[in-house]
2 protein chains.
Amino acid sequence: MRMYDLIAKKRDGLSLTGEEIDFIIRGFTNGDIPDYQMSAFLMAVYLRGMTDEETARMTLAMAHSGDMVDLSGIEGVKADKHSTGGVGDKTTLVVAPVVASCGVKIAKMSGRGLGHTGGTVDKMESVPGCRTSLPSEEFIAQVNHIGISVVGQSGNLAPADKKMYALRDVTATIASVPLIASSIMSKKLAAGADCILLDVKTGNGAFMKTLDDSIALARAMVAIGTHNGRKVAALVTDMDTPLGHAVGNSLEVAESVQVLRGCGPADLTTVCRELASNLLMLAGKGTLEECRALFDEAISSGRAFETCKAMFAAQGGDVSVLEDGSFRKAKYSHVVRSPRGGWVCATNTEQIGIASVMLGAGRTRKEDPINFAAGIVLNKKAGDAVQPGEALATLYADDESLFDAAAQTFLAAYTFGDEAPVLPPLVMARVTESGVERF
Amino acid sequence: MRMYDLIAKKRDGLSLTGEEIDFIIRGFTNGDIPDYQMSAFLMAVYLRGMTDEETARMTLAMAHSGDMVDLSGIEGVKADKHSTGGVGDKTTLVVAPVVASCGVKIAKMSGRGLGHTGGTVDKMESVPGCRTSLPSEEFIAQVNHIGISVVGQSGNLAPADKKMYALRDVTATIASVPLIASSIMSKKLAAGADCILLDVKTGNGAFMKTLDDSIALARAMVAIGTHNGRKVAALVTDMDTPLGHAVGNSLEVAESVQVLRGCGPADLTTVCRELASNLLMLAGKGTLEECRALFDEAISSGRAFETCKAMFAAQGGDVSVLEDGSFRKAKYSHVVRSPRGGWVCATNTEQIGIASVMLGAGRTRKEDPINFAAGIVLNKKAGDAVQPGEALATLYADDESLFDAAAQTFLAAYTFGDEAPVLPPLVMARVTESGVERF
């Protein structure tokens with residue numbers, strides 16, 4: 001088998017066999033196939049696409065390029081969720097404890113934030129003492145004991161993906177549905193869960209800007225998981241607006257606790273409820289309606305919050321901050337006021353994410369430190385009425401000099417109008433093995 | 001300017017500006033742009049194409065990446081011809097002397113054979129003593145003195161093309177019209193001629209297998225030359241059948257002499273006549289009919305043959321072999337006979353070329369030596385009637401053990417039938433600045 005011929009085959013729009021795909025992924029990972037051949041292949045995939053079968057096989061080969069996490073030591077159904085990334089997206093901190101509190105095991109690896117989007121691992125680390133890297137035995141034991149552990153990615157998970165992503169990043173081959181889908185799902189397959197619920201964010205704060213693109217990505221990821229014997233579904237959810245009010249690490253943990261206590265913002269609560277109940281359904285806990293009731297009961301009984309605290313406690317976190325909100329506060333705050341009255345018609349959500357990074361809440365390079373207390377609490381979001389001079393948001397930082405530029409960036413994200421805008425539904429589509437429902 | 005953005009632009013099917021194209025070619029040539037970005041770009045070009053303007057600019061940038069041959073020391077119009085390569089294609093050895101003998105200067109760089117096709121420089125070197133590498137001053141002086149010099153490519157001509165071709169060769173991006181056209185034309189532009197006649201071979205012995213592809217390539221090359229201020233035309237000529245009867249270096253030189261003496265095979269004579277008269281017309285020597293008459297007169301008067309001999313003599317060649325055909329003969333010959341009677345319906349011309357390489361007449365790697373006496377003389381070509389056992393061809397080699405495999409390969413190239421086949425015209429299309437004529 002020669003890489004040349006496989007490039008030519010994909011270039012001509014033909015489908016590759018499983019053996020051919022394995023050859024490419026294995027050869028590229030071990031260095032037999034040079035970057036310059038792989039980048040030509042990736043451009044051919046970008047422009048010619050891949051069938052579901054090809055994408056599924058490639059994803060499996062990518063997953064098998066490194067460690068496959070062994071969750072066989074955990075009894076019962078193991079569930080995972082994944083978000084394609086958003087601003088104010090703290091759903092894992094709600095969904096995972098809810099699902100675990102309903103008897104479905106969560107043995108989950110999460111990511112860190114990069115660019116304008118945050119990451120669960122960073123948020124968890126804003127709880128003083130919380131470890132997000134556990135020895136494998138401790139991780140497994142914790143899941144068996146309290147039903148849940150969420151840690152950072154460890155080990156050599158899908159090194160083929162890492163190498164392919166680095167090459168795509170410099171050859172303009174990122175934005176391809178089969179390549180994005182295989183990148184995400186290779187790590188999910190390697191992470192070992194039986195049931196995977198995907199949250200594909202769509203809109204101006206998301207990687208996928210349009211509903212159609214987001215549905216295509218969701219469809220591709222569900223197909224990959226299904227082809228490889230996992231139970232997978234996806235919700236396409238709105239990211240034209242930040243989720244909830246808090247953007248920034250400890251601010252978002254506090255807001256998650258509000259949801260777990262039944263007093264969180266409506267939009268965040270709704271999205272968490274839909275994600276959790278879809279994941280519970282995948283895990284065999286009943287119909288969607290029954291699983292929604294499970295969610296409501298897990299919250300109202302306090303069981304989900306107890307599970308959340310148990311997880312943080314097991315990982316060394318000081319749970320008092322969850323109970324009384326006594327996170328370290330940022331030294332300074334700054335209120336951004338509306339320049340006019342009327343309605344907030346829309347917000348550029350990516351810009352809001354960038355403003356929070358400017359305040360210290362995120363990183364622009366992998367090596368950057370994070371200020372867990374920094375961030376933004378929104379008072380007004382798209383669809384809200386506003387008076388001239390009314391507070392749009394409060395910015396938090398430990399360095400007052402950051403406010404000027406961040407406030408400017410933040411305010412530039414807002415569009416005002418004289419009429420209330422029509423907003424999209426929070427959950428815009430649901431994609432399962434059997435098809436796509438749009439809402 | 002970032003290569004990433006230019007890859008993305010071409011990936012999305014957009015046109016690049018002249019400055020962007022210059023940036024790519026300059027950056028790739030000097031090593032600033034790595035292979036893995038260039039190969040992604042080349043695949044994007046392969047699948048998205050290029051406009052005539054882009055291709056012309058890229059070709060110019062490629063030409064300027066190295067030495068530009070300075071022909072300003074030569075008086076009068078300088079003409080060049082180029083063939084995309086065929087089997088038995090010795091037209092340069094006829095066309096160049098004819099055109100030079102009509103007062104149009106030929107200061108030409110030719111190539112060597114590779115794979116199943118031969119090259120003019122190898123053929124010239126089969127004339128004992130003939131030098132194909134001359135110091136620049138001697139080259140110019142010879143052209144001024146006797147009107148013609150044909151040498152091998154020297155200097156650092158279009159290094160961008162060399163580097164791009166090497167990358168295309170391993171990334172399945174060879175067969176792209178703008179990339180092939182720019183590769184050929186970059187060297188032609190750098191070689192400095194005012195008028196360029198292109199012979200685009202089409203058929204099973206050519207690089208381009210179909211008439212439409214060949215016309216597309218011809219059109220692209222004519223557009224490149226015209227955009228860059230040269231007078232360019234192209235003939236698309238048949239390569240479903242070897243040209244003439246001789247395949248192999250000294251065998252082909254001897255056959256060229258037959259044409260120059262007015263007693264060459266009809267097909268070869270016709271193609272040479274059309275090529276030469278089109279080139280003479282480009283050089284301003286009259287209408288096509290007038291230029292055909294010029295060709296006939298250059299042959300019948302013996303002037304073209306005299307010019308040919310003068311060129312070889314000036315380059316150190318022993319012209320006695322041209323006059324009396326006293327080339328060194330191969331030690332052995334072997335007659336391949338027809339297994340049946342009827343008609344030769346078709347020949348796989350590439351296979352015939354390969355058979356001649358097997359006999360020692362060509363090279364499969366650049367470093368391989370050539371046996372100038374080896375080759376094939378065809379007795380029967382497509383369209384000829386044949387008796388059972390009649391000679392189809394005579395093979396020549398210095399090693400008898402080569403005949404078995406070569407004869408087998410040669411015979412496998414023949415298709416026989418019970419009816420005379422309908423053959424395509426020798427010249428199938430003519431492409432000029434003003435359009436395409438199909439014949």
Side-chain angles (χ1 to χ4, degrees), chain A residues 1-16 20-21 23-25 27-29 31-50 115 160 162-180 207-210 213, chain B residues 1-16 20-21 23-24 27-29 31-50 115 160 162-180 183 207-210 213:
Chain A
M1 215 177 280
R2 296 191 317 154
M3 182 61 177
Y4 182 96
D5 301 322
L6 306 184
I7 300 171
K9 203 169 167 184
K10 182 47 67 187
R11 177 198 73 197
D12 296 342
L14 303 173
S15 294
L16 301 173
E20 288 168 344
I21 288 170
F23 173 87
I24 293 171
I25 300 303
F28 180 61
T29 308
D32 286 347
I33 293 171
D35 285 353
Y36 57 78
Q37 286 192 317
M38 193 63 177
S39 63
F41 175 76
L42 291 168
M43 182 58 81
V45 169
Y46 187 105
L47 290 171
R48 291 297 203 170
M50 274 189 155
K162 193 173 270 183
K163 208 176 166 191
M164 284 166 74
Y165 196 91
L167 190 58
R168 288 166 58 207
D169 202 28
V170 292
T171 56
T173 49
I174 290 288
S176 148
V177 163
L179 296 178
I180 300 167
F207 187 71
M208 287 297 188
K209 309 292 183 200
T210 72
D213 285 351
Chain B
M1 215 177 283
R2 296 191 316 155
M3 182 60 177
Y4 182 95
D5 301 321
L6 306 184
I7 300 171
K9 203 169 168 184
K10 183 45 68 187
R11 176 198 72 195
D12 296 341
L14 303 173
S15 293
L16 301 173
E20 288 168 342
I21 288 170
F23 173 86
I24 294 171
F28 180 61
T29 308
D32 287 346
I33 293 172
D35 285 352
Y36 56 78
Q37 286 192 317
M38 193 63 176
S39 63
F41 174 75
L42 291 168
M43 183 58 81
V45 169
Y46 187 105
L47 290 172
R48 292 297 204 171
M50 274 188 154
K162 195 173 268 183
K163 208 176 165 192
M164 286 167 72
Y165 196 91
L167 190 59
R168 289 166 57 207
D169 201 27
V170 292
T171 56
T173 49
I174 290 288
S176 149
V177 164
L179 295 178
I180 300 167
S183 174
F207 187 70
M208 287 296 187
K209 308 294 184 197
T210 72
D213 286 352

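Note that the coordinates shown come from a computational prediction; the quantities given were computed from them, not determined experimentally. Convention: sequence-line order gives letters A, B, ...; per-chain numbering from 1. In what follows, every heavy atom counts, from backbone to side chain, and hydrogens, waters and symmetry copies are set aside.
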Looking at Met38(A), Met3(A), Gln37(A), which one has more heavy-atom pairs under 4.5 Å with chain B than the rest?
->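 Of the options given, most contacts go to Gln37(A).
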
Report which part of [X] has an atom under 4.5 Å of a heavy atom belonging to chain B: side chain, backbone, both, or neither.
{"X": "Leu167(A)", "value": "side chain"}
{"X": "Ile7(A)", "value": "both"}
{"X": "Asp5(A)", "value": "neither"}

Heavy atoms of other groups near Lys162(A) NZ, more than 12 under 6.0 Å =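 Open.
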
Exercise: identify the closest heavy-atom pair between [X] and [Y]:
{"X": "Arg168(B)", "Y": "Tyr4(A)", "value": "O-CE1, 4.3 Å"}
{"X": "Ser39(B)", "Y": "Ser39(A)", "value": "OG-OG, 2.6 Å"}
{"X": "Leu47(B)", "Y": "Arg48(A)", "value": "CD2-NE, 3.6 Å"}

Determine the option with the most heavy-atom pairs under 4.5 angstrom with chain A, choosing from Thr173(B), Asp169(B), Leu6(B).
->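 Sorted descending by pairs with chain A, the first entry is Asp169(B).
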
Using the test side chain to side chain contact (heavy atoms under 4.5 Å, CB included), find all partners of Lys9(A) that sit at least two apart in sequence or belong to another chain.
->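 Once residues adjacent in sequence are excluded, the partners of Lys9(A) under the side chain to side chain contact (heavy atoms under 4.5 Å, CB included) criterion are Leu14(A), Leu16(A), Thr17(A), Glu20(A).
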
For Phe207(B), enumerate each residue passing the side chain to side chain contact (heavy atoms under 4.5 Å, CB included) test, keeping only those at least two apart in sequence or located in another chain.
->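 Counting only residues at least two positions away or on another chain, Phe207(B) forms a side chain to side chain contact (heavy atoms under 4.5 Å, CB included) with Ile174(B), Ile180(B).
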
